[in-house]
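One structure is given below, encoded as structure tokens.
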Amino acid sequence: MALGNSKNQKTYDTDGLKVPVSLGVIMDGNGRWAKKRLLPRSAGHRAGAENLKELCRNCGNYGVKYLTVYAFSTENWVRPEDEVNALMKLFVEFFNKYDPELEQEGIRVRFTGDIDALPPELQKVCHEGEERSKDRPKMQLIVAFNYGGRREIVQSVQKIAQDIKSGKLNPEDITEDTISNNLYLPDVPDPELIIRPSGEMRLSNFLLWESAYSEFWVSDTLWPDFGYDELTQAFRDYAKRDRRFGGLSSKDQGEARK
Ligand code: FPP
């Protein structure tokens with residue numbers, strides 16, 4: 001299936017590669033990108049935001065349905081005040097000024113994270129962005145904002161404990177699905193693939209529960225430079241992965257039956 005895109009002359013041909021339905025991306029390396037250019041860190045974040053638009057366009061055209069990006073963690077508040085302020089300003093700008101571009105691409109915006117703990121003006125931006133875009137059909141951009149995987153699990157457990165307290169649930173009836181169904185966005189499928197640019201090899205508290213069986217793909221490129229070619233390479237490599245979910249590969253399963 002070739003999906004030509006006249007605007008940026010890219011070919012979204014899925015032959016030889018596998019496109020995940022649900023993809024996670026840890027957008028890392030903005031600070032190093034800026035430092036290399038003797039620019040302030042905020043300039044790196046701005047370049048990162050520009051690149052997020054590009055990623056959305058490319059993922060949407062490839063047929064990804066859910067793209068979850070790590071924008072701001074529950075731990076990022078300890079950064080210098082001016083960097084946090086610049087990031088918050090950038091988020092507001094992204095979800096307001098850039099929204100027509102997302103609309104043009106048919107991209108729905110949702111948030112995952114402890115949104116209720118954000119200052120009211122940021123909560124408003126999140127709720128308005130979700131409401132405005134809720135009927136867009138092509139892809140969901142899920143922004144992990146004030147997000148921490150451990151906090152998400154803790155809050156899921158708190159909701160379950162309330163159900164036990166009110167007599168709606170028996171402790172012995174708790175299953176993995178009970179935890180999954182009480183996460184922030186239970187309707188979003190677990191990511192099949194997680195991409196992390198900029199050379200780090202860790203999850204950094206991103207989608208801890210949801211990533212139990214995700215494939216991981218890393219590269220040394222700093223986030224603002226991570227483009228179409230690397231995304232395509234990630235999908236090409238992902239096609240070669242053998243996802244066994246604790247079982248045997250289909251080849252070994254055949255051998256074992258002999
Ligand atoms: C990590 O890189 C990046 C962040 C903490 C912020 C990510 C934010 C963006 C890409 C901006 C756009 C996002 C939205 C949703 C508008 P780092 O600063 O830790 O990089 P470093 O490790 O090189 O210092």
Looking at every non-hydrogen atom in both residues, tell me the closest pair between Ser219 and Trp217 and how far apart they are. CB-CZ3, 3.7 Å

Taking Tyr66 as the starting point, is it possible to reach Phe95 by hopping between hydrophobic residues whose side chains are less than 4.5 Å apart? no

Looking at every heavy atom in both Arg150 and Leu208, which two are closest together, and how far apart are they? CG-CD1, 3.6 Å

Taking it one step at a time, do Asn205 and Glu75 satisfy side-chain contact (heavy atoms from CB on, under 4.5 Å)? CA-CA 9 Å; Asn205 208 10; Glu75 291 76 38; 3.2 Å; yes

Quick one: does Asp173's side chain have a donor or acceptor within less than 3.5 Å of a partner on Leu169's backbone? no

Determine whether Met27 and Leu55 make a side-chain contact, defined as any pair of heavy atoms from C-beta on separated by less than 4.5 Å. no

Counting N and O atoms only, with roles assigned by atom type, does the side chain of Tyr228 sit under 3.5 Å from a partner on the main chain of Thr11, one being a donor and the other an acceptor? yes

Answer yes or no: is there a donor N or O on one side and an acceptor on the other, between the side chain of Ser156 and the main chain of Ile179, under 3.5 Å? yes

When rounded to the nearest 0.5 angstrom, what distance separates NZ in Lys89 from CZ in Arg46? 7.5 Å

Roughly how far apart are Glu210 CD and Glu152 CD, rounded to 0.5 Å? 4.5 Å

Heavy atoms only: give me the nearest Phe216-Leu203 pair and the separation to one decimal. CE1-CD2, 3.9 Å

For the pair Lys97 and Glu93, find out whether any cationic side-chain nitrogen is under 4.0 Å from an anionic carboxylate oxygen. yes

Is any side-chain heavy atom of Glu105 closer than 4.5 Å to one of Met139? no

Mind checking whether Arg41 and Arg79 have side chains closer than 4.5 Å, heavy atoms only? yes

Determine yes or no for a side-chain-to-main-chain donor-acceptor pair under 3.5 angstrom, with Arg196 supplying the side chain and Arg202 the backbone. yes

Is it possible for you to say whether Ile107 and Val25 belong to one hydrophobic cluster, with membership spreading through side-chain heavy-atom contacts below 4.5 Å? yes

Are Pro197 and Glu230 side-chain neighbours, meaning at least one heavy-atom pair lies under 4.5 Å? no

Co-membership, hydrophobic cluster, residues Leu207 and Met201, 4.5 Å side-chain: yes

Exam field: side chain Glu192 to backbone Val21, donor-acceptor pair closer than 3.5 Å: yes

Indicate yes or no for a side-chain donor-acceptor contact from Asn51 to the backbone of Trp223 under 3.5 Å, with no hydrogens or angles considered. yes

Reported CG-to-OG1 distance for the pair Asp190 and Thr68, which is rounded to 0.5 angstrom: 10.0 Å

Hey, what do you get for CZ (Phe94) to NZ (Lys53), rounding to the nearest 0.5 Å? 7.5 Å

In the hydrophobic cluster built from side-chain contacts under 4.5 Å, what are the other members alongside Leu90? none

Are the side chains of Asn182 and Pro186 in touch, meaning some heavy atoms are under 4.5 Å apart? no

Considering residues at least two apart in sequence or located in another chain, which fulfil the side chain to side chain donor-acceptor pair (under 3.5 Å) criterion with Asp187? Arg110

Do you know which two heavy atoms are closest between Gly48 and Pro224, and how far apart they sit? N-CG, 4.1 Å

Taking only Lys NZ, Arg NE, NH1 and NH2, and the carboxylate oxygens of Asp or Glu, determine whether Lys18 and Glu215 approach each other closer than 4.0 Å. no

So, the side chain of Lys138 versus the backbone of Gly63: is there a donor-acceptor pair under 3.5 Å, distance only? no

Would you name the heavy atoms of Ala86 and Ser42 that are closest together and state the gap between them? CB-CB, 3.8 Å

Measure the acute angle between the ring planes of Phe145 and Phe111, then classify it against the limits of 30° and 60° as parallel, tilted or perpendicular. tilted

For side-chain contact (heavy atoms from CB on, under 4.5 Å), just list the numbers for Cys59 and Leu23, CA-CA rounded to whole Å, side-chain angles, deciding distance to a tenth of an Å, and then say yes or no. CA-CA 9 Å; Cys59 285; Leu23 171 70; 3.7 Å; yes

Tell me, do Leu183 and Thr112 make a side-chain contact under 4.5 Å, heavy atoms counted? no

Using a 3.5 Å distance criterion without hydrogens, assess whether the side chain of Arg37 forms a donor-acceptor pair with backbone atoms of Trp33. yes

Only one of Tyr12, Tyr238, Phe235 forms a side chain to side chain contact (heavy atoms under 4.5 Å, CB included) with Val19, so which one is it? Phe235

State whether the number of non-hydrogen atoms from other residues, nucleotides or ligands found under 6.0 Å of Lys159 atom NZ is greater than 12. yes

When you measure from the side chain of Arg136 to the backbone of Val109, do you find a donor-acceptor pair of N or O atoms at a distance under 3.5 Å? no

Step by step, work out the side-chain contact (heavy atoms from CB on, under 4.5 Å) result for Phe91 and Val125. CA-CA 9 Å; Phe91 294 147; Val125 171; over 6 Å; no

From CA spacing to verdict: side chain to side chain donor-acceptor pair (under 3.5 Å), Asp229, Gln233: CA-CA 6 Å; Asp229 289 341; Gln233 189 58 48; over 6 Å; no

Applying the 4.5 Å side-chain criterion to the ILVMFWY set and letting contacts propagate, would Leu102 and Val64 be lumped into a single cluster? yes

Does a side-chain N-to-carboxylate-O contact under 4.0 Å join Lys124 and Glu121? no

Rounded to the nearest 0.5 Å, what separation is found between the CD atom of Gln104 and the CG atom of Asp99? 11.5 Å

So does Leu118 get a backbone contact from the side chain of Gln123, meaning a donor-acceptor N/O pair under 3.5 Å? yes

Roughly how far, to the nearest 0.5 Å, is CG of Asp237 from CG of Leu17? 10.0 Å

For the residue pair Leu222 and Lys36, establish whether any side-chain heavy-atom pair is separated by less than 4.5 Å. yes

With a 4.5 Å limit on heavy-atom distance, are the side chains of Val157 and Val154 in contact? no

Under the side chain to side chain donor-acceptor pair (under 3.5 Å) criterion, do Asn76 and Ser73 qualify, and how do the steps go? CA-CA 5 Å; Asn76 284 150; Ser73 75; 3.3 Å; yes

Which atoms form the tightest heavy-atom contact between Ala34 and Gly44, and what is the distance? CB-N, 3.7 Å

Determine, step by step, whether Trp77 and Asn146 satisfy the side-chain contact (heavy atoms from CB on, under 4.5 Å) criterion, reporting the C-alpha distance in whole Å, the side-chain angles of both residues, the deciding distance to 0.1 Å, and the verdict. CA-CA 9 Å; Trp77 295 105; Asn146 197 27; 2.9 Å; yes

Do Val92 and Leu141 belong to the same hydrophobic cluster, where Ile, Leu, Val, Met, Phe, Trp and Tyr are linked whenever their side-chain heavy atoms lie under 4.5 Å apart, directly or via other members? yes

Pairs satisfying ring pair (Phe, Tyr, Trp, His ring centres under 6.0 Å), at least one member in residues 170-211, at least two apart: Tyr70-Phe206

